[in-house]
Amino acid sequence: MPNIAPPPLKNDCFALPPGVEWTPVDDALALLRDRLHPVASVETLPVGQACGRVLARDVIAQRSNPPLPNTAVDGYGFAGGRPEGPHVLPLAEGRAAAGVPFAGAVPEGQALRVLTGAPLPEGVDTVILEEDVTVQDGHIAFNGPLKAGANTRKAGEDVQARALALPAGRRLTPADLALLSAVGVAEVPVRAPLRVGVLSTGDELRDPGQAAGPGQIYDANRPMLLAMLQRMGFVPVDLGRVGDDRAALRDRLDQAAQQTDTILTSGGASAGDEDHVSALLRAAGALQQWRIALKPGRPLALGLWQGTPVFGLPGNPVAAMVCTLIFARPALGLMAGEGWRQPQGFDLPAAFAKRKKPGRREYLRARVRDGRVEVFHSEGSGRISGLSWAEGLVELPDGLLDIQPGDPVRFMPYGSFGL
């Protein structure tokens with residue numbers, strides 16, 4: 001099959017409806033879901049090489065699983081069930097084993113030695129476990145009752161031939177490879193891995209190991225975002241960091257557009273003098289600055305650079321991580337061909353108290369202990385240690401809330417985002 005690339009995104013794919021200034025979280029997510037589409041190309045791979053890839057089309061079972069009726073245990077097979085009480089049956093010559101079926105039919109009223117996975121021969125539809133049987137002088141003895149069909153598997157009881165084995169958009173797991181192999185699928189159409197570039201901006205940034213002078217900080221966002229993308233199943237592309245130099249940033253974005261399918265930048269997403277990401281996207285006529293009603297991470301710049309989507313994340317690491325989880329993760333999944341994936345959440349009792357004003361959705365760093373949700377002691381967006389302390393996020397809806405210990409809150413573990 002040829003490597004086929006989908007059409008590019010439209011220049012106005014991130015445009016907000018007229019008159020919209022503050023965008024509720026749900027509206028922002030709906031816009032991304034409706035405007036984006038898969039951008040990863042399609043190729044065909046052997047099943048054994050496809051783990052972690054996203055199915056481009058539905059996969060149909062080529063063979064039933066199991067292909068034939070078979071025995072689920074080691075024991076003795078015969079026809080029909082047996083009522084309560086003792087029973088004695090003569091043993092037929094031979095046996096049935098997995099890969100070595102019994103040649104011929106088992107006469108009515110006789111039993112045959114059968115091993116787990118063996119196809120049921122003609123004249124056998126019921127199996128009794130060997131530990132429930134006494135064998136002596138070419139006969140077996142056992143006590144009923146035993147239902148007809150006991151300890152056997154029907155052909156196709158797992159998956160029928162020509163039935164849907166796995167749907168398009170599924171990111172293949174090791175268990176999926178077992179299923180596909182069992183139903184006779186040798187090759188699958190999959191999306192090429194989505195290449196996601198990560199670029200940090202700002203004169204104040206230094207890499208760990210470098211000397212950092214007054215007013216300079218170490219770049220925490222880039223290693224965090226690159227690792228997140230890898231854990232989520234994308235291909236991270238390290239674009240390095242660029243100072244507050246618009247020409248250098250333009251050159252780096254030009255290079256990135258040739259290397260990646262989409263770009264995450266951190267810093268420079270607002271409208272200040274040194275916010276060069278938003279300034280360049282605005283000059284290219286492809287910027288949308290979304291003022292999202294959430295905490296943390298209000299500014300989010302979105303646009304296209306030479307046809308490549310750019311997510312301009314806040315420079316604060318806490319806000320950058322939250323915006324990546326809430327907005328970039330489902331959008332990247334959609335562009336990778338997975339479809340729109342909502343993170344799984346669980347309603348659990350709070351181990352904290354909090355009063356929240358209406359108007360913004362909030363995400364708190366949280367973890368679960370003894371069945372109750374704890375939150376980090378500070379909501380400060382500069383507290384990077386809270387990201388490490390946490391095991392997920394608590395999502396607080398947009399309205400007024402007065403949470404007391406024991407009240408149910410929505411906890412979304414990091415694992416539900418693919419971390």
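In this text, all values refer to a predicted model and were calculated from it rather than measured experimentally. Because only heavy atoms are used, hydrogens play no part in the values below, and waters and symmetry mates are left out as well, while side chains stay in. Sequence positions, counted from 1, serve as the residue numbers for this chain.
The environment of CG in D370 is sparse: at most 12 heavy-atom neighbours from other residues, nucleotides or ligands sit within 6.0 Å. Residue Q62 qualifies as enclosed at atom CD: its count of foreign heavy atoms under 6.0 Å is above 12. For Q404, the CD atom is densely surrounded, since the number of other residues' heavy atoms within 6.0 Å is greater than 12. Surrounding CZ of R372 are more than 12 heavy atoms belonging to other residues, nucleotides or ligands, all under 6.0 Å away. Dense packing is recorded around CD of E131, with more than 12 heavy atoms of other residues, nucleotides or ligands lying under 6.0 Å away. In this structure, R33 places its CZ atom where more than 12 heavy-atom neighbours from other residues, nucleotides or ligands lie under 6.0 Å away. In this structure, R153 places its CZ atom where more than 12 heavy-atom neighbours from other residues, nucleotides or ligands lie under 6.0 Å away.
Side-chain atoms of R365 come within 3.5 Å of backbone N or O of R383 as a donor-acceptor pair. Distance alone, capped at 3.5 Å, places no donor-acceptor pair between the S416 side chain and the M412 backbone. Not one N or O on the side chain of N70 forms a donor-acceptor pair closer than 3.5 Å with the backbone of L120. The main-chain N or O of G209 is never found under 3.5 Å from a side-chain atom of Y218 such that the two would form a donor-acceptor pair. At least one donor-acceptor pair under 3.5 Å links the side chain of R410 to the backbone N or O of G345. Judged purely by atom type and a 3.5 angstrom limit, D125 uses its side chain to pair as donor or acceptor with the backbone of G80. One N or O on the side chain of S64 and one on the backbone of A161 form a donor-acceptor pair closer than 3.5 Å. Between the side chain of T152 and the main chain of G149, a donor-acceptor pair closer than 3.5 Å is present.
The heavy-atom pair separating H87 from N143 by the smallest distance is CD2-C, 4.5 Å. Contact detail for D219 and P223: the closest heavy-atom pair is O-CD, 3.5 Å. Residues P90 and G109 approach most closely at CD-O, 3.4 Å, considering heavy atoms. Between Q160 and A61 the shortest heavy-atom distance is O-CB, 3.6 Å.
Just one residue in the list V59, L166, L179, L45 forms a side chain to side chain contact (heavy atoms under 4.5 Å, CB included) with L172, and that residue is L166.
Cation-pi check for R113 over Y76 is met; the charged atom lies under 6.0 angstrom from the ring centroid and within 45 degrees of its normal. A cation-pi arrangement is present between R171 and F234 under the rule of less than 6.0 angstrom and at most 45 degrees off the ring axis.
The aromatic ring centroids of F376 and F352 lie 6.0 Å or more from each other.
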Report the C-alpha distance between T116 and D74 in whole Å, list the side-chain angles of each, state the deciding distance to 0.1 Å, and finish with yes or no for side chain to side chain donor-acceptor pair (under 3.5 Å).
CA-CA 5 Å; T116 302; D74 291 344; 2.9 Å; yes
Before you tell me yes or no, could you show the steps for E362 and K354 under salt bridge (Lys or Arg N to Asp or Glu O under 4.0 Å), namely the whole-Å CA-CA distance, both residues' side-chain angles and the distance that decides it to 0.1 Å?
CA-CA 12 Å; E362 294 189 18; K354 175 177 171 61; 3.4 Å; yes
